[in-house]
Chemist: 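A single structure is presented below for examination.
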Amino acid sequence: LRRLGLQLFPSEPARSHPAVTAVCLPRQVDWETLDTELRARGVAMGTGAGEHRGRVLCVGHMGTQAGFQFNKSTLDLVADALPEPEPLGA
């Protein structure tokens, strides 16, 4: 996820959940558009609640979703669905 330029949420690993990784979505990413694109590719993910709704992408990784290949395939789809990052200084 970091290789995609995404910031982990929360930023302190000690506060992270063992079954879900959350990342902050870049400003230019619209959650509804991303969610629609991911679902069209067969991937359903969640977003945050309250003030974090639409600003955080939640990636589950437990049970059948815990395997490396499954996670890699899913993250490849996420990478394809994300828009190109904004150039610095834009």
Side-chain angles (χ1 to χ4, degrees):
L1 292 168
R2 287 186 185 128
R3 288 185 198 160
L4 298 177
L6 300 174
Q7 177 186 358
L8 296 181
F9 180 83
S11 56
E12 306 89 28
R15 297 185 62 199
S16 297
H17 193 280
V20 177
T21 297
V23 294
C24 298
L25 291 173
R27 279 189 314 244
Q28 76 271 22
V29 175
D30 174 70
W31 165 252
E32 298 298 330
T33 302
L34 178 61
D35 185 44
T36 299
E37 180 67 27
L38 290 173
R39 288 177 186 274
R41 296 167 187 241
V43 176
M45 293 190 171
T47 187
E51 67 185 86
H52 303 296
R53 179 164 175 67
R55 302 304 333 137
V56 175
L57 173 71
C58 301
V59 182
H61 44 76
M62 58 182 278
T64 59
Q65 301 171 347
F68 174 80
Q69 190 56 48
F70 182 86
N71 280 318
K72 182 178 179 334
S73 298
T74 299
L75 293 179
D76 287 345
L77 291 171
V78 170
D80 289 343
L82 286 171
E84 292 293 319
E86 291 180 352
L88 293 175

Chemist: Taking a hydrophobic cluster as the set of Ile, Leu, Val, Met, Phe, Trp and Tyr residues connected by side-chain heavy atoms closer than 4.5 Å, whether directly or through intermediates, do Leu57 and Leu4 fall within one such cluster?
Modeler: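 Yes, because Leu57 and Leu4 connect within a single hydrophobic cluster, where side-chain heavy atoms sit under 4.5 Å apart.
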Chemist: Please enumerate all residues that pass side-chain hydrogen bond (donor to acceptor under 3.5 Å, both in side chains) together with Arg39, with sequence neighbours excluded.
Modeler: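 Expected list: Asp35.
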Chemist: List, one per line, each side-chain donor-acceptor pair under 3.5 Å for residues 42-52, sequence neighbours excluded.
Modeler:
unit_1, atom_1, unit_2, atom_2, d
Thr47, OG1, Gly54, N, 2.8
Thr47, OG1, Val56, O, 2.7

Chemist: Between Val78 and Val59, does a side chain to side chain contact (heavy atoms under 4.5 Å, CB included) hold up when you go through it step by step?
Modeler: CA-CA 10 Å; Val78 170; Val59 182; 5.9 Å; no
Chemist: Give, for atom CG of Leu38 and atom OG1 of Thr33, the distance between the pair rounded to the nearest 0.5 Å.
Modeler: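 Here the rounded value is 11.0 Å.
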Chemist: Indicate yes or no for a side-chain donor-acceptor contact from Arg55 to the backbone of Pro26 under 3.5 Å, with no hydrogens or angles considered.
Modeler: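 Side chain of Arg55 to backbone of Pro26, a donor-acceptor pair under 3.5 Å: yes, one is there.
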Chemist: Is there a continuous path of hydrophobic side-chain contacts, each under 4.5 Å between heavy atoms, that joins Trp31 to Phe9?
Modeler: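 Unlinked, Trp31 and Phe9 end up in two clusters.
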Chemist: Please enumerate all residues that pass side-chain hydrogen bond (donor to acceptor under 3.5 Å, both in side chains) together with Gln69, with sequence neighbours excluded.
Modeler: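 Checked Gln69 against side-chain hydrogen bond (donor to acceptor under 3.5 Å, both in side chains); matches are Ser73.
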Chemist: Nearest 0.5 angstrom please: Lys72 NZ to Leu77 CG, how far?
Modeler: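 With rounding to 0.5 Å, NZ (Lys72) is 10.0 Å from CG (Leu77).
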Chemist: Check this for me: Arg41, atom CZ, are more than 12 non-hydrogen atoms of other residues, nucleotides or ligands nearer than 6.0 Å?
Modeler: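 Check passes, neighbour count above 12.
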